[in-house]
Protein chains: 2
Amino acid sequence: MSQGESGIHLETSLGYLLKEASSALRTAMEDVLRPLGMTITHYSCLELLAQRPGLSSSELARGAFVTRQSMHVLLQHLEREGQVARPSEAPVGKVLPARLTPRGRRALAKASAAVRSVEVRMLAGMSDAEQAAAFRALQSMVRSLRDDPATP
Amino acid sequence: MSQGESGIHLETSLGYLLKEASSALRTAMEDVLRPLGMTITHYSCLELLAQRPGLSSSELARGAFVTRQSMHVLLQHLEREGQVARPSEAPVGKVLPARLTPRGRRALAKASAAVRSVEVRMLAGMSDAEQAAAFRALQSMVRSLRDDPATP
DNA sequence: GAATGTATGTCAGACTACTGACATGAGTCA
DNA sequence: TGACTCATGTCAGTAGTCTGACATACATTC
């Protein structure tokens, strides 16, 4: 039956290609993080805390693109491992600001270098102009998807 | 401490933005597929079978960017639901070619239209030239990540 | 023909992230 | 003040995907 223009053509679909690219990036990152005993979300959490100390669990979740429940269990794990510290009581409201410990900073240093090498590899062969164009295009896609919450 | 150029700057990282974009796309697709009782991998499987009938479980897995084990359990489910059919014996070797049933085709029709609307929304505000540039950029990233398997 | 390497289908267990739900604190507004 | 809304932290259960393992089928090589 005519799927015509109402369907998706995998070969030419930007959505499909976006998924392919993010899948390739995820695999490459997992490959370099696994030897360090770290998952992508784990790394993302540490990187976010390094750049924005004091972030709450919910804010970290948004920054790592997972639910706050997922980040919650990860933070519990990282606290037990001694990579992250949180006050036992909230300074204000219920929000518990998290911070890296020295151990967390050391773990991040190796991971960050590894991830950086993946990103460099990913961008090999692209000019600065091409990278800038890709950046703007992806930003536009994110904005368009967020602005309209699913037209019913 | 100087994280310098060895680290990642979240605000300007193409890798981070790529993850953000794919996360936004995933969420948007889940939002329109959930009312249809379908997951993204489920939809991807049907779409692949519509465009390339006779694909094996392993080939479907690669096309949907999951492991063949994950696709295997999904296919078992879809066979029970009557959306997909496979011969009980392999025509050649061990490979079992899968095909859509009429019921699978009907389920796909709705899903495909829904996903198409998400893609249209995502590309709103982008010129054809911008879309083409984004397409080439993403293709380049995929190629670069695959060609070099993790330089140790 | 035998040995090896590669790809597939399948089963089992473990893990990650998700949805659902509840209580709590903060801000807004009548 | 009280009612309402919203964001957060947390607990519990579920679902989807992954890793590990094994047997089988084909192709290649010696």
Side-chain angles (χ1 to χ4, degrees), chain A residues 19 22-24 26-31 33-35 37-46 48 54-81 84-99 149, chain B residues 19 22-31 33-46 48 54-81 84-99 149:
Chain A
K19 187 173 175 182
S22 93
S23 169
R26 177 172 55 83
T27 299
M29 287 179 65
E30 284 171 348
D31 286 347
L33 289 176
R34 189 175 302 115
M38 217 179 277
T39 66
I40 294 179
T41 306
H42 180 168
Y43 156 73
S44 302
C45 176
L46 297 186
L48 283 161
L55 247 43
S56 71
S57 177
S58 290
E59 289 167 325
L60 286 169
R62 280 192 291 271
F65 312 111
V66 296
T67 62
R68 67 182 195 279
Q69 292 91 332
S70 297
M71 186 54 70
H72 176 67
V73 310
L74 174 61
L75 276 181
Q76 288 182 323
H77 184 231
L78 293 183
E79 268 188 301
R80 273 195 298 273
E81 295 237 331
V84 167
R86 281 189 300 176
S88 55
E89 280 191 24
V92 52
K94 295 183 65 177
V95 180
L96 292 173
R99 294 185 178 278
Chain B
K19 188 172 175 183
S22 92
S23 169
L25 175 58
R26 178 172 54 83
T27 299
M29 285 179 66
E30 284 172 347
D31 286 348
L33 289 176
R34 189 174 303 114
L36 303 175
M38 219 178 274
T39 66
I40 294 179
T41 306
H42 178 167
Y43 156 72
S44 301
C45 175
L46 298 186
L48 283 162
L55 248 42
S56 72
S57 177
S58 291
E59 290 167 324
L60 286 169
R62 280 192 290 272
F65 311 111
V66 297
T67 62
R68 67 182 195 278
Q69 292 90 332
S70 297
M71 186 54 70
H72 176 67
V73 309
L74 173 61
L75 276 180
Q76 287 182 322
H77 184 231
L78 293 183
E79 268 188 301
R80 273 196 297 275
E81 294 237 332
V84 167
R86 283 189 297 177
S88 54
E89 281 190 26
V92 53
K94 295 184 67 177
V95 180
L96 291 173
R99 296 187 176 274

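Convention: sequence-line order gives letters A, B, ...; per-chain numbering from 1. These numbers come from the heavy atoms of this one structure, side chains and all, not from hydrogens, waters or symmetry mates. Everything numeric in this text was worked out from a predicted model, so none of it was measured.
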### Task
Between Thr41(A) and Lys94(A), just flag the one whose closest nucleotide in DNA chain C comes earlier from the 5' side.
Thr41(A)

### Of Val73(A) and Val92(A), the one whose closest DNA chain C nucleotide lies more 5'
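Whichever sits nearer the 5' end wins; that is Val73(A).
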
Heavy atoms under 4.0 Å, any strand shown: does [X] hit a base, just sugar-phosphate, or nothing?
X	value
Leu96(A)	sugar-phosphate
Gln76(A)	sugar-phosphate
Thr67(B)	base

Is there a side-chain contact between [X] and [Y] in this structure, where contact means two heavy atoms from C-beta onward sitting under 4.5 Å apart?
X	Y	value
Met38(A)	Leu46(A)	yes
Glu30(B)	Arg26(B)	yes
Thr67(A)	His72(A)	no
His42(A)	Leu33(A)	no
Thr41(B)	Ser70(B)	no

Could you tell me whether the phosphate oxygens of [N], OP1 or OP2, come under 4.0 Å of any side-chain nitrogen or oxygen in [X]?
X	N	answer
Ser70(A)	dT16(C)	no
Arg34(B)	dT19(C)	yes
Ser58(B)	dG9(C)	yes

### Query
If you walk 5' to 3' along DNA chain D, what is the first nucleotide with an atom under 4.0 Å of a heavy atom in chain B, and what is the last?
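In short, chain B contacts DNA chain D from dG16(D) to dC26(D).
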
Round to the nearest Å and state the distance from [X] atom [atom1] to [N] atom [atom2].
X	N	atom1	atom2	value
Arg68(B)	dG9(C)	CZ	C1'	7 Å
Glu30(A)	dC15(C)	CD	P	16 Å
Arg62(B)	dA7(C)	CZ	C1'	8 Å
His42(A)	dA17(C)	NE2	C1'	16 Å
Met71(A)	dT16(C)	CE	C1'	12 Å
His72(A)	dC22(C)	NE2	P	17 Å
Leu74(A)	dC18(C)	CG	P	12 Å
Leu60(B)	dA7(C)	CG	P	17 Å

### Query
Taking for each residue the nucleotide of DNA chain D with the nearest heavy atom, is it Arg26(A) or Glu59(A) whose nucleotide lies nearer the 5' end?
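This one resolves to Glu59(A).
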
### Donor-acceptor pair, side chain of Ser23(A) and main chain of Lys19(A), under 3.5 angstrom
no

### Query
What are the two closest non-hydrogen atoms of Ala85(A) and Glu79(A), and how far apart are they?
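So the two residues come closest at C-OE2, 4.4 Å.
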
